[in-house]
A.B. asks: 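Mind having a look at this structure? Questions to follow.
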Amino acid sequence: MSKGWCVAAVCVAVLPVLPAQADGGARPPLLDVGSNGVKLTVGAATPNGTQPKNSIGETASLSVALPNGQAKVEGGFSTGAPGGDDMPSATNWNGGHIGLHTSLEGPAHSSVEIGAQSQFRNTVQEGQAVLATGAARADILEQSRQASLTGSIAPTSIVKLQFGTTLNQATQTDARLDLNGELSRSQLSTNTQNSSAEATVTPVRGLTLGGGADFETVSAQWEGGGAPGDASTYSYVEPKVHAGLTPIDGVKLRTSFGEVVKPLNTANFVALAANPGRNSELTVAPEQQWQSQTSLDLKLAQDVAFTAEFTRAQIENVTELVPLEGGGQVPASVASGTRSEFRVNLNSSLAALGLPHTRIVTSGAWRSSRIEDPLTAETRRLSGEIPQQAQIKLVRDFPARDLKLGLTGAIASKQTLYQAAQVTQIDNSGTLGAFVEYSPGPFALQLNMDGLAGGQRSQRDIFYAGSRGTGAITDNIVTTTSGPKVSLSLQRTF
């Protein structure tokens, strides 16, 4: 182990365990010393969004200034116990990380960044959330290791070249003790390698042209639980081109085209691999599509911002729920299709209309898709797609009183979700709400009232005997909910 890693490990090992502040605010570091380009910081961390609120933990970092850059070693640990709303079923958990980051600058406006990190988290769960799965106790160990190298160089004033490569390995081991005292164990392992290269040219002021490609390999393996398990490897070359134009200040046009591969949905991968009755021909692969996108971004006087974006995609594969021969359903990658979406957003002050301290924020989306249903062979939308929806928010600020008053509105068209033996239709009528926010200092107390007008929600569940493709309808259940909803929240900003 290098000297830097040893120093960081020793610093973490001797840290006193101090609880985070109840309000989540930043604590001053326990130790913050530096001299001649070397800086040591201990205990400057507080729980973040990846940790439960009822946690304690510390970090230590050592930064060293280099002739043409900087190197930093950081390590930390954290632990927690039950009691928070964010992890009600966790009896205890602990985690830690250690990492190295180095940045260097060279001639011709070149730069290189090198990073490496290893982290783990162990969670022991009991209680109702685990009992619902038929287990009395669950011990989950998550480990990951990442390494990256990125760089750029500008050989001329109008050309910039960028490159990068990343490696990411992760394992999740799940040991469960059932209600009869039997122990089962499963493990998911993933390995992702990505290399990229891109060139950008600015031939004239306000015009940018670029292109490049990503080279990605994703492998996943799951085993355990008495099921046969599964192992798959996927490789992709993802070319892309883009162009941007800024004809005048405040106006930006951008268009792009390329292949887009989404990260592998590991939950779907495990759900398929862990099912012993699945068809061996079924697979879960990363969702893949060829996509073109055009956007307009306007920033006008009087604090007005408007954006519009149109996306058109040729879907190579999507994940849908398909039936099993012995009953039940599993996720699987199915046939191709098309998808398009148009989105607009407006964020504007109304001071020009004689309404000081008043702002309107609106957004809208129109979506359309077509795929072949894997069970009926009919053409339909993607499962869960909302064809049209819009939101509006009108806010009046009273800065002298630390007070904000506002109205909210939302409307959406019918949403349909498809399962192997069930279709669910959700119909949300337009709704109007209001809110009051009092924010003295860093705190904000907000009272929300939704559904003051409208807000009726209707859900229709249609059940089939066996499969939607061949079975008859066995039940048709409609449930309706309505009425206002009131909520109170207290937040602190940093």
Side-chain angles (χ1 to χ4, degrees), residues 47 49-57 77-97 118-146 168-192 218-233 263-280 282-286 319 321-332 419-421:
T50 64
Q51 306 174 191
K53 299 173 185 176
N54 56 323
S55 60
I56 55 178
F77 77 95
S78 54
T79 186
D85 293 335
D86 41 8
M87 288 189 70
S89 64
T91 56
N92 60 76
W93 66 273
N94 58 80
H97 73 277
S118 178
Q119 56 191 7
F120 79 93
R121 175 166 170 156
N122 188 74
T123 305
V124 179
Q125 293 181 323
E126 292 178 335
Q128 294 299 322
V130 183
L131 289 174
T133 66
R137 174 188 170 97
D139 195 325
I140 304 170
L141 176 61
E142 300 167 274
Q143 299 172 291
S144 65
R145 296 158 296 279
Q146 303 93 23
N168 192 325
Q169 296 178 330
T171 59
Q172 177 176 311
T173 304
D174 191 335
R176 293 179 180 263
L177 187 68
D178 67 18
L179 300 178
N180 297 321
E182 295 290 333
L183 180 66
S184 63
R185 190 183 302 272
S186 63
Q187 179 171 287
L188 171 67
S189 303
T190 59
N191 190 332
T192 304
V218 180
S219 61
Q221 180 176 358
W222 183 90
E223 55 186 356
D230 197 4
S232 300
T233 299
L264 176 67
N265 188 313
T266 54
N268 286 339
F269 180 84
V270 171
L272 178 62
N275 198 303
R278 66 186 177 93
N279 187 327
S280 60
L282 297 178
T283 62
V284 170
T319 302
L321 292 170
V322 299
L324 294 170
E325 293 183 1
Q329 60 186 10
V330 291
Q419 300 186 55

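Both backbone and side-chain heavy atoms feed into the values below; hydrogens, waters and symmetry mates do not.
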A.B. asks: Can you tell me how far apart CG (L264) and OG1 (T192) are? Round to the nearest 0.5 Å.
C.D. replies: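 One finds 8.0 Å between CG of L264 and OG1 of T192.
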
A.B. asks: L321 and Q329: which non-hydrogen atoms are nearest, and at how many Å?
C.D. replies: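 That closest heavy-atom pairing would be CD1-NE2, 3.7 Å.
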
A.B. asks: Would you say the side chain of F269 lies within less than 4.5 Å of the side chain of L188, judging by non-hydrogen atoms?
C.D. replies: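 SC-SC contact between L188 and F269 confirmed.
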
A.B. asks: In Å and rounded to the nearest 0.5 Å, what is the CD to OG1 distance from E142 to T173?
C.D. replies: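 E142 atom CD to T173 atom OG1 measures 9.5 Å (nearest 0.5 Å).
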
A.B. asks: Out of curiosity, N168 CG to R145 CZ, how far, rounded to the nearest 0.5 Å?
C.D. replies: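 If we round to the nearest 0.5 Å, N168:CG and R145:CZ are 9.0 Å apart.
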
A.B. asks: Considering all heavy atoms of both residues, which atom of N122 and which atom of D139 are nearest to each other, and what is their separation?
C.D. replies: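 Here N122 and D139 meet closest at OD1-OD1, 3.0 Å.
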
A.B. asks: What's the shortest heavy-atom distance between A273 and W222, and which atoms?
C.D. replies: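 Minimum heavy-atom separation between A273 and W222: O-CZ3, 3.8 Å.
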
A.B. asks: What distance do N265 atom CG and L272 atom CG have between them, rounded to the nearest 0.5 Å?
C.D. replies: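 Those atoms lie 11.5 Å apart.
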
A.B. asks: Would you say the side-chain atoms of S144 and Q119 include a donor-acceptor pair closer than 3.5 Å?
C.D. replies: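 Yes, because at least one side-chain N or O of S144 sits under 3.5 Å from a partner of the opposite role on Q119.
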
A.B. asks: Please give me the minimum heavy-atom distance between P331 and V284, naming the atom from each residue.
C.D. replies: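 Nearest pair, atom of P331 first, then V284: O-CG2, 3.4 Å.
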
A.B. asks: What's the shortest heavy-atom distance between A271 and V330, and which atoms?
C.D. replies: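 Scanning both residues completely, I find the closest heavy atoms to be O-CG1, 4.2 Å.
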
A.B. asks: Quick one: pull up CZ in R121 and CD in Q172 and give me the separation to the nearest 0.5 Å.
C.D. replies: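 So the CZ of R121 and the CD of Q172 are separated by 11.0 Å.
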
A.B. asks: Taking N180 for its side chain and E182 for its backbone only, find out whether a donor-acceptor pair lies under 3.5 Å.
C.D. replies: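 The answer is no, because no donor-acceptor pair under 3.5 Å joins these two groups.
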
A.B. asks: For T319 and A285, which heavy atoms make the closest approach, and how far apart are they?
C.D. replies: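 Scanning both residues completely, I find the closest heavy atoms to be OG1-O, 4.4 Å.
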
A.B. asks: Can you measure from CG (L141) to CD (Q143) and round to the nearest 0.5 angstrom?
C.D. replies: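 That separation rounds to 4.5 Å.
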
